[in-house]
Chemist: 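Starting off with a structure, shown below.
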Amino acid sequence: MAPQTRGGGTLFPEVVIERDSESEETSSSEEEQEEHEEQVAEEKDDENMGAGAEASTSTKKPITISLKKVCKVCKRPGHEAGFKGATYIDCPMKPCFLCKTPGHTTLTCPHRVAMEFGVVPATSRGCSSSLDYVFERQLGCRVPAMKTSFSIPNQVHCAVIRYHSRRVTCLEFHPTNNHILLSGDKKGQLGVWDFRKVHERTVYGNIHSCILNNMKFSPTNDGTLYGASSDGTISCTDLETGISMSLMNLNPSGWQEIDIERTGLYLLMFENINVLYSHYILEKGKFAWRLSLLVLLFQIGPSTWRMIYGLDVNFDRGLLLGADNFGFLYIADMRSNNVIGKPTLIHKKGSKVTGLHCHPLQPDLLLSCGNDHFARVWDMRMVEAKSSIYDLSHNRVVNSAYFSPRSGSKILTTSQDNRIRVWDSIFGNLDSPSREIVHSHDFNRHLTPFRAEWDPKDTSESLVVVGRYISENYDGIALHPIDFIDINTGQLIAEVMDPNITTISPVNKLHPRDDVLASGSSRSIFIWRPKEEFESKQPDDKRKIVLCGKNDNKRKGKFEDDSDDDFGGGKHGSKSLNAKKLPLTSKPHGSKRIY
DNA sequence: AACTAATGAATCC
DNA sequence: TGGATTCCCTTAGT
C-alpha cells in the first residue's frame, strides 16, 4: 500500500516511536513484538504502518516519541529509580543520595554501613562487606544497640495523630513542668499539650499568621514563651491564657499590606496586572480583582516581607535575639521590650539566618548559622558586619548550629550536604570540624529542615538525636527512623522507629530531665520512652494514641480552624478538640509503602 | 489508583 | 543580580 501523505509525502518530518524493549517483567513473546514495532517509523498522519523504509529516506529530522520506560530521575531508559516494594532503588546515574559522591548508590554506600568519619569499613559490625551488611540489615530489621549506657526512648508512649493542621516545625519541653510539650506548626499555630492528658489538646491560632520557626522559654518566667515566625514577628505568649504580644515586628506596615516605601512600584505593577487581567475583569468582575490582589500578595509580597527564623535569649544581658531571612540580627531588651540599635548583617546579605544560639556559660558568645553555608561565632560585645570570631564553613545550607549544652565547648551543626559536623574548641580548633558524620537529612521543600540536637541530659556531651530522611525496609515497610548518634565515635547508637509511623520525623526534642523523646512527624506528635521503663512502670496501660482531624468528626477537607491558605491569619483563641482514642496497631500514620 | 498542590534552594544564563 | 527552571526516598488530599 502506498503511503498516504501530505505535501507529496516527503516534506513532513517522520515520527519515530520508541518502545520499551528491555522490560525485564515482560514475557519473551511480547518483547519480540515490541522490538519489532520499535523498528517501525510512522508518519504523523499515520493511517499506515508500512512507511518505515520510505520515511527513513526523508531529509527531515525525525520527531522521536519515546514510549520506553525511562528513569524518572535521569529520564534515560534501561533502569528505573523508585520504590521496589519498601526498598528504594536509586538512579545509578546520579551521585549517591546519601553521601553525594558518584560511583555508587545508597544501597552500597559505605556510609550506610558505618557512619564514622572517613570511610571506615564495616568490619566492626561483623560483616565482610557493605553488601553483606545491607543484606543482614534487611533480614535482621533491627540494629542492635552499640552501647547500653544510654537510655534511649525507643517506644511510642503516646501520641496525637494530626495534632496540628499543618506540619510540625518546632518542639520545646516546658522548663519546669515535666509533662508539658509545646509545638509549633507551619501555619504559625502553637500547641500546648500535657501528654499525661492525651485527649486534651490546646492550640493557639491567633499568635502568628505563618510558620513558627523557633520557640524559647523566658528564663525568668516559666509561663512565658517567645516565638519567632515567618510573619516577621517575635511573640511573647502567656501559656495559661494564650494572650500574646508582639515584641518585634519586621513588617510594621503589615503582613498582608503594601510597603509604603514601595507604593509607587506596586502601583505600577498593579497597573500591569490590571492590563493582563483586564479580560478577566470584564468577564469575571470581582473574582479577577481578587486574583490580581493574590498575585500581588504572593509574588511581590514575600520578596520584601521579612521573616524571623533564628531566636534565642541572652539571659545575662537580658536580651532577646532574632535573625531574619535577609541576613540580619535584631536585638531587643527583654525588660523594656524595645529593639536596641540597628540590625546587624551577620550572614550574606539577602540570605536566611536559619538559627541562633547563645553559649550556655559565656554570655558574650553567640552562634549563628545560615543559608550562606556558614555557621559563625560572634562576640556579643562587638557584633557588627564581618566581625565574627569564627566562620565555620559548610558545603551547603546550615540548618542548625548548637553549642554543646553543658560546657559549650563543642558545636554541632546540621548541613544540607548530608553531614553532621562537630567542631571542638578545646580538643581541636574551629578552623575545621573535628568530626563529620554522613547522615541522610537532605533538604526537601516539603519537609521541616532536619536539626541534629544534643541530649541535654548527657553530661559527656556525646549523644545526639536526628531524624533520618532515607528509609529502610523493615519487614516490608519503608520506615524513616530517628537516629541516636555518639558524636565521639560517629557510631549509630540506636535507630528508633515504629511500624505505624511511616512518615519522616524531622523534628525531635529530648527532654531536659526525663528519658523522653518528642518527635514531630508531618502533622502528628509522638512521645517516646524507653521500652523497659514503659513496661515496668505501666504494665497495664496501653499506649495512648489519639486521632484528631478530618476522619474524627467526619469533617470534609480541613480542620475547622483551617483557612484556605498558609498565610491567612487564624483568628481563634485556644481550643480543645475532642479526640478519638486509637489503638496503635489499627492504622499507620501515613498510609504508603506497606507491602 | 492516579493524580495534584504545597513551595525552598540550586543552577543556569 | 534576578528570573526561570528544575528537583531525589513528601504527604494528604481529591
Side-chain angles (χ1 to χ4, degrees), chain A residues 71-75 79-100 102 105-107 109 112 161-162 164-169 185-187 210-211 213 230 298-304 307 309 325 348-352 354 370-373 394-399 415-418 439-450 467-474 477-481 501-507 520-524 547-551 555-559 562-568 587-594:
Chain A
C71 170
K72 65 178 179 182
V73 177
C74 70
K75 314 285 186 261
H79 65 273
E80 277 183 274
F83 276 101
K84 278 260 189 300
T87 305
Y88 192 92
I89 308 298
D90 270 5
C91 170
M93 300 300 172
K94 290 277 180 177
C96 172
F97 192 62
L98 174 55
C99 73
K100 307 301 177 193
T105 65
T106 54
L107 214 55
C109 179
R112 187 163 183 169
I161 309 292
R162 278 184 238 123
H164 284 273
S165 60
R166 290 288 186 278
R167 63 168 201 243
V168 173
T169 53
D185 71 21
K186 203 176 90 53
K187 243 182 109 181
C210 71
I211 317 176
N213 292 307
S230 285
F298 282 83
Q299 292 194 352
I300 301 167
S303 64
T304 53
M307 311 178 185
Y309 284 82
N325 59 326
K348 186 182 172 187
K349 194 170 188 181
S351 75
K352 184 196 293 176
T354 51
N371 274 22
D372 63 352
H373 303 187
H394 296 71
N395 297 326
R396 296 276 162 175
V397 168
V398 188
N399 286 345
S415 172
Q416 291 183 6
D417 66 355
N418 263 4
H439 178 265
S440 173
H441 50 253
D442 258 36
F443 169 77
N444 180 315
R445 62 184 161 201
H446 308 295
L447 299 174
T448 303
F450 291 85
R468 193 193 303 174
Y469 187 177
I470 54 172
S471 61
E472 196 78 55
N473 184 343
Y474 297 95
I477 309 173
L479 298 179
H480 309 265
I501 306 169
T502 58
T503 48
I504 296 171
S505 306
V507 189
S521 193
S522 184
R523 294 149 50 178
S524 304
L547 176 68
C548 269
K550 179 192 162 192
N551 293 353
R555 292 192 195 102
K556 288 244 172 175
K558 304 164 182 171
F559 277 16
D562 273 3
S563 56
D564 284 332
D565 56 81
D566 293 329
F567 295 92
K587 194 180 173 186
H589 174 243
S591 52
K592 288 179 183 172
R593 296 202 273 286
I594 302 209

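Naming convention: chains lettered A, B, ... in sequence-line order (proteins, then strands); numbering from 1 in each chain.
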Chemist: Is the glycosidic torsion of C/dC9 within 90° of 0, making it syn, or is it anti?
Modeler: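 In terms of base orientation relative to the sugar, C/dC9 is anti.
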
Chemist: Of all the choices, C/dC8, B/dA9, C/dG13, which nucleotide is nearest to the side chain of A/R162 once you look at every atom?
Modeler: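 Between C/dC8, B/dA9, C/dG13, the one nearest the side chain of A/R162 would be C/dG13.
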
Chemist: For atom P, what is the distance between B/dT7 and C/dG13, given to the nearest Å?
Modeler: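 Comparing P positions in B/dT7 and C/dG13 gives a spacing of 15 Å.
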
Chemist: Rounded to whole Å, please give me the gap between CG in A/N444 and C1' in C/dA12.
Modeler: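 So the two atoms are 14 Å apart, to the nearest Å.
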
Chemist: For A/F83 and A/Y88, take the angle between the two ring planes, folded into 0 to 90°, and tell me which bin it lands in: parallel under 30, tilted 30 to 60, perpendicular over 60.
Modeler: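 Taking A/Y88 first and then A/F83, their aromatic rings stand perpendicular (interplane angle over 60°).
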
Chemist: State whether A/S522 places a side-chain N or O below 4.0 Å from either non-bridging phosphate oxygen (OP1 or OP2) of C/dA12.
Modeler: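 A/S522 to C/dA12 OP1/OP2: side-chain N or O found under 4.0 Å.
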
Chemist: So does A/K84 get a side-chain nitrogen or oxygen closer than 4.0 Å to the phosphate oxygens (OP1/OP2) of C/dC9?
Modeler: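 So the side-chain polar atoms of A/K84 never come under 4.0 Å of the phosphate oxygens OP1 or OP2 of C/dC9.
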
Chemist: Between A/N418 (side chain only) and A/F97 (backbone N and O only), is there a donor and an acceptor less than 3.5 Å apart?
Modeler: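 Present.
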
Chemist: Provide, to the nearest angstrom, the distance between the CG atom belonging to A/L447 and the C1' atom belonging to C/dT11.
Modeler: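 Answer to the nearest Å: 9 Å.
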
Chemist: How far, in whole Å, is C/dC8 from B/dC12 if one measures between their P atoms?
Modeler: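 Each nucleotide's P atom is 15 Å from the other's.
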
Chemist: When you measure from the side chain of A/R112 to the backbone N and O of A/T106, does any donor-acceptor pair fall under 3.5 Å?
Modeler: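 Yes.
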
Chemist: Donor-acceptor pair, distance only, cut-off 3.5 Å: does the side chain of A/S440 make one with the backbone of A/I470?
Modeler: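 Flag set: sc A/S440 to bb A/I470 pair under 3.5 Å.
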
Chemist: Tell me which one of A/T502, A/T503, A/T448 satisfies side-chain hydrogen bond (donor to acceptor under 3.5 Å, both in side chains) with A/S521.
Modeler: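 Option passing the side-chain hydrogen bond (donor to acceptor under 3.5 Å, both in side chains) with A/S521: A/T503.
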
Chemist: If I take atom CZ in residue A/R166 and atom P in nucleotide B/dA6, what distance separates them, rounded to the nearest angstrom?
Modeler: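 For the pair A/R166 CZ and B/dA6 P, the rounded distance is 10 Å.
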
Chemist: Looking at B/dA10, B/dG8, C/dT11, which one has an atom nearest to any side-chain atom of A/R445?
Modeler: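 Comparing B/dA10, B/dG8, C/dT11 against the side chain of A/R445, the answer is B/dG8.
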
Chemist: Among residues at least two apart in sequence or on other chains, which ones pass side chain to side chain donor-acceptor pair (under 3.5 Å) with A/S415?
Modeler: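 Testing A/S415 for side chain to side chain donor-acceptor pair (under 3.5 Å), a comparison that skips the adjacent residues, returns A/D417.
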
Chemist: Find the distance A/L107:CG to C/dC9:C1' and express it as a whole number of Å.
Modeler: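 It is 12 Å, rounded to the nearest whole Å.
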
Chemist: Whole angstroms only, please: what is the CG-P distance between A/L547 and C/dA12?
Modeler: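 One finds 12 Å between P of C/dA12 and CG of A/L547, rounded.
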
Chemist: Atom NZ of A/K94 to atom P of B/dA10: distance rounded to whole Å?
Modeler: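 Distance, rounded to whole Å: 15 Å.
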
Chemist: Identify all pairs in which a protein N or O lies below 3.5 Å from an N or O of nucleotides 1-3 of chain C, and state each distance.
Modeler:
none

Chemist: Taking the side chain of A/N371 as its heavy atoms from C-beta onward, which of B/dA9, C/dT10, B/dA6 lies nearest to it?
Modeler: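 Nearest nucleotide to the side chain: B/dA9.
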
Chemist: Can you find a side chain N or O atom of A/K186 that sits less than 4.0 Å from OP1 or OP2 on B/dA6?
Modeler: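 Answer no for this pair, as no side-chain N or O of A/K186 is under 4.0 Å from OP1 or OP2.
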
Chemist: Between A/Y469 (OH) and B/dG8 (C1'), how many Å, whole number?
Modeler: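 For the pair A/Y469 OH and B/dG8 C1', the rounded distance is 12 Å.
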
Chemist: Base, sugar-phosphate or nothing for A/I504? Non-hydrogen atoms, less than 4.0 Å.
Modeler: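 Sugar-phosphate only.
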
Chemist: Which atoms form the tightest heavy-atom contact between A/M93 and A/C74, and what is the distance?
Modeler: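 Looking at all heavy atoms of both residues, the closest pair is CG-SG, 3.8 Å.
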
Chemist: Kindly check if the number of other-residue, nucleotide or ligand heavy atoms within 6.0 Å of NZ (A/K348) is above 12?
Modeler: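 Not buried by this count: 12 neighbours or fewer within 6.0 Å.
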
Chemist: Please write out the pairs of protein N or O atoms and N or O atoms of nucleotides 11-13 of chain B separated by less than 3.5 Å, giving the distance to one decimal.
Modeler:
{"from": "B/dT11", "atom 1": "OP1", "to": "A/R396", "atom 2": "NH2", "distance (Å)": "3.1"}

Chemist: Which nucleotide in the list C/dC8, C/dT10, B/dA9 gets nearest to the side chain of A/V397?
Modeler: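 When the side chain of A/V397 is considered, B/dA9 is the closest of C/dC8, C/dT10, B/dA9.
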
Chemist: Name the closest nucleotide to the A/R523 side chain, picking from C/dT10, C/dC8, C/dA12.
Modeler: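 Between C/dT10, C/dC8, C/dA12, the one nearest the side chain of A/R523 would be C/dA12.
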
Chemist: From the set C/dT10, C/dC8, B/dA9, return the single nucleotide nearest to any side-chain atom of A/F97.
Modeler: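 Nearest to the side-chain atoms of A/F97, counting from C-beta on, is C/dC8.
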
Chemist: Give a yes-or-no answer on whether the side chains of A/N371 and A/T354 include a donor-acceptor pair shorter than 3.5 Å.
Modeler: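 The answer is no; no qualifying pair exists.
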
Chemist: Round to the nearest Å and state the distance from A/R167 atom CZ to C/dA12 atom P.
Modeler: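 In whole Å, C/dA12 P and A/R167 CZ are 12 Å from each other.
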
Chemist: Mark yes or no for a side-chain to base donor-acceptor pair under 3.5 Å between A/S440 and C/dC9, with no hydrogen or angle criteria applied.
Modeler: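 In this structure, the two groups form no donor-acceptor pair.
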
Chemist: Hey, is the main chain of A/H480 close enough, under 3.5 Å, to the side chain of A/R468 for a donor-acceptor pair?
Modeler: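 The answer is no, because no donor-acceptor pair under 3.5 Å joins these two groups.
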
Chemist: Would you say B/dA10 has OP1 or OP2 under 4.0 Å from some side-chain N or O of A/H373?
Modeler: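 Answer yes for this pair, as a side-chain N or O of A/H373 is under 4.0 Å from OP1 or OP2.
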
Chemist: Does a side-chain N-to-carboxylate-O contact under 4.0 Å join A/K100 and A/D442?
Modeler: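 Looking at A/K100 and A/D442, the cut-off is met.
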
